Every structure is written in structure tokens, then in C-alpha cells.
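To start, the structure itself, in C-alpha cells.
Since the structure is predicted, the reported quantities are computational estimates derived from the model, not experimental observations.
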Amino acid sequence: MNVVVLTLVESNCSNPGPRTQALHLVDELKARGAIVRTAEASKPEEVDTVLDDPDERIVLAADTDEQVNAVVARLVRHAIPAPSKRPEGLPEGRTIPDLPALAVLPLGTAPGIVARLGLPATPAEVAAAVAEGVVKRTDLMRHDGGGVAVDGVRLGGGDRPWRGVVNLDDVVLADGSEQILACVVANADGYAAADDMVLAEPDPADGKIDVAVAVPVTVGRLRKKLRIEVRRARGRAVAVHPVDTVTYIQDGLVGELGRKRTWWVEPGAAGWYTGA
């Protein structure tokens, strides 16, 4: 059994070498008879060096969801077939084959996705999961800007309402005429709530995206009241087209969206070492 332990490092910071948790993991893996090497990456393309051997099991030592996102994005980039070719045996409803399985070793802090997917968290647990080779497959979201989301996306929230069109498959959740308080596009439940409102209850292995839009509506004839209406739907692909711009957070990455973006689900594309 060959294993590579990958750590992402900042290119402009001094590098003290492998972290304590990673060293403990290496010892645990070697005690189980594994041949282990360590690798570091300060640029996205440097992640590709750990993908050359399909028989080598990959462990990502990470602190944040952003780091997990970055590595999964490279796995997707490596797996995407040529535009003119669809590989034989590609699962129905998928644009990419199964991604290589990934183990996540929490470092100083644990990426939120570890708890949300029920992944092992200590060096001993991670080593056992990798050695046993049991893989849990979950859905993955891709979008037409070239990125991925393991957990999900939240657009808006807080005190900045926005307007936009939100379509999930054939369902119109917002037509652009109303203010939107928050919109969630969820695979797991990291962004399923906004401002103490639970907007969605996603299942990361059901082959679908959960989308919810929270809009303020006025009710009552004489004594008018303002309440929050949450519109929910579940499907394969969602398109969000903001009228102006809206702040979003996706797997911990914060940005501004000012154009139409489409997210779609890749059912069962992601793999995670979970042990027995």
C-alpha cells in the first residue's frame, strides 16, 4: 500500500516542514505496513504531482474547507474528459468519472466538511480508514465558471438584500422582481442556514442539489405584516442570475457574483476514505 500525505503551504511564508499531526499519521500508516511519502503544494498545479499514480492513496492534511475545495478542484480538472469525447462507462447524469478517493487529516482546526460528511478526524482514525480502503461516495457540485463545491454555496445574507433570477431545472424560485435575503445551493449542510433560518436539509449522497430562496413578503389586508417566505426545490442544476452583484461564500471561499452562474450535481463523483 502506497500513500502520499499532501499539505498545502503558503508560497510567501516560511515552511517549517510537516505538521505534528501529519508526522503522527505517517507513523500510524507505517505501522500498518504502508510505504509513505509526503508532498507539499503552494500552487494549484503542484497538486497534480500527487495524481500520477492511480494506486497511491491520497491523504490531504488540511485546516480549512478552502483547502479541501482546492484539491478536489484539481482532481476534477485531472479527470475531465476532452470536450469531444465521452468515456465509455461514464455514469448516467455525470460529466466526469469517479474521482480518486481522498482522506482528510485535520491539522490545527478541522475543515467543516469532515464533520458534515462523518469522516475520521484523528491520525489513528485516518490511518485506519486509508489502510482499510473503504470508500464513501458523495455528490459533488460543479459550476460553469470552472469551480467545484463539496459543501455548497450561500448567496447574500445579512443586511444586503439583492435581486436576481433563480431557476432550478424547470422551477422558478425567484423571477428578479423581488428582494432576496439569501439563497442557498446546498450539497451538504454547511450553508443550509442563513441568519438563524434553516433553509434546506440536504443529503450529500442523494444525487440532487437542494436550493432555497428566502424572500420578504407582505401579508394581511388591514394590518400588513412582513414575513419571510422560503421557497425550496431539489433537482439537478440551478442557474442564478443576479441583477447587479451579490456576495457569495462557497466552501469557505468568498467572492462577488455579477453574472449568471449555473451549478449542477455530479452524483457520487467524490470519494472519501471512511474506514469500516
Side-chain angles (χ1 to χ4, degrees), residues 64-66 68-70 72-73 76 93-96 99 111-113 115-117 138-158 160-176 178-216 228-270:
T64 65
D65 285 341
E66 297 99 305
V68 178
N69 180 287
V72 174
V76 170
R94 289 258 295 273
T95 66
I96 55 174
L99 300 180
I113 202 66
R116 286 188 278 277
L117 295 184
T138 66
D139 305 332
L140 177 70
M141 287 164 42
R142 295 182 59 201
H143 66 69
D144 55 4
V148 303
V150 177
D151 201 338
V153 189
R154 184 174 65 237
L155 300 102
R160 291 185 57 192
W162 55 286
R163 296 179 187 272
V165 178
V166 181
N167 297 306
L168 178 67
D169 297 339
D170 297 327
V171 178
V172 179
L173 296 175
D175 62 8
E178 305 164 290
Q179 289 190 329
I180 298 174
L181 299 179
C183 172
V184 298
V185 180
N187 183 45
D189 62 3
Y191 301 101
D195 300 327
D196 298 323
M197 295 184 295
V198 177
L199 303 181
E201 296 181 350
D203 178 348
D206 65 355
K208 295 183 178 181
I209 296 174
D210 283 61
V211 180
V213 176
V215 298
I228 307 302
E229 178 179 284
V230 180
R231 301 166 186 167
R232 301 178 175 89
R234 182 175 292 156
R236 184 180 183 277
V238 59
V240 179
H241 191 174
V243 172
D244 293 313
T245 62
V246 61
T247 301
Y248 70 90
I249 180 169
Q250 173 177 287
D251 283 1
L253 303 166
V254 178
E256 292 284 330
L257 182 65
R259 56 175 292 275
K260 182 179 179 181
R261 174 157 292 175
T262 299
W263 286 267
W264 68 90
V265 67
E266 300 279 354

May I have the list of side-chain donor-acceptor pairs in residues 240-249 shorter than 3.5 Å, sequence neighbours left out?
| unit_1 | atom_1 | unit_2 | atom_2 | d |
| --- | --- | --- | --- | --- |
| T247 | OG1 | R160 | NH1 | 3.3 |
| T247 | OG1 | E256 | OE2 | 2.4 |

Item to check | With D251 via salt bridge (charged side-chain N to carboxylate O under 4.0 Å, His left out) - residues at least two apart | outcome: none
Next on the checklist: Could you work out, with salt bridge (charged side-chain N to carboxylate O under 4.0 Å, His left out) as the rule, every residue matching R261, not counting sequence neighbours?
Outcome noted: none
Checklist entry - Closest heavy-atom contact between I96 and R94? => result O-NE, 3.0 Å
Next on the checklist: Apply side-chain contact (heavy atoms from CB on, under 4.5 Å) to residues L99 and V76 and explain how you reach the verdict.
Outcome noted: CA-CA 7 Å; L99 300 180; V76 170; 3.7 Å; yes
Checklist entry - For E229, which residues count as a salt bridge (charged side-chain N to carboxylate O under 4.0 Å, His left out) partner, sequence neighbours excluded? => result R227, R231
Next on the checklist: Please report the interatomic distance CD(Q250) to CH2(W263), rounded to the nearest 0.5 Å.
Outcome noted: 6.5 Å
Checklist outcome for this item: Residue pairs meeting salt bridge (charged side-chain N to carboxylate O under 4.0 Å, His left out), one or both in residues 141-151, sequence neighbours left out, come to R116-D151, R142-E266
Item to check | Any P161 side-chain heavy atom under 4.5 Å of I180 side chain | outcome: no
Checklist entry - Do V238 and V166 have side-chain heavy atoms sitting under 4.5 Å apart? => result yes
Next on the checklist: Within the 4.5 Å heavy-atom criterion, are V72 and L140 side-chain neighbours or not?
Outcome noted: yes
Next on the checklist: I need the single residue from V153, L199, V213, V215 that forms a side chain to side chain contact (heavy atoms under 4.5 Å, CB included) with C183. Which is it?
Outcome noted: V213
Which side-chain N or O atoms in residues 186-194 pair as donor and acceptor under 3.5 Å with protein atoms at least two apart or in another chain?
| unit_1 | atom_1 | unit_2 | atom_2 | d |
| --- | --- | --- | --- | --- |
| N187 | ND2 | D139 | O | 3.0 |
| N187 | ND2 | V150 | O | 2.7 |
| Y191 | OH | G252 | N | 2.6 |

Next on the checklist: If I take atom CD from residue E66 and atom CD1 from residue I113, how far apart are they, to the nearest 0.5 angstrom?
Outcome noted: 12.0 Å
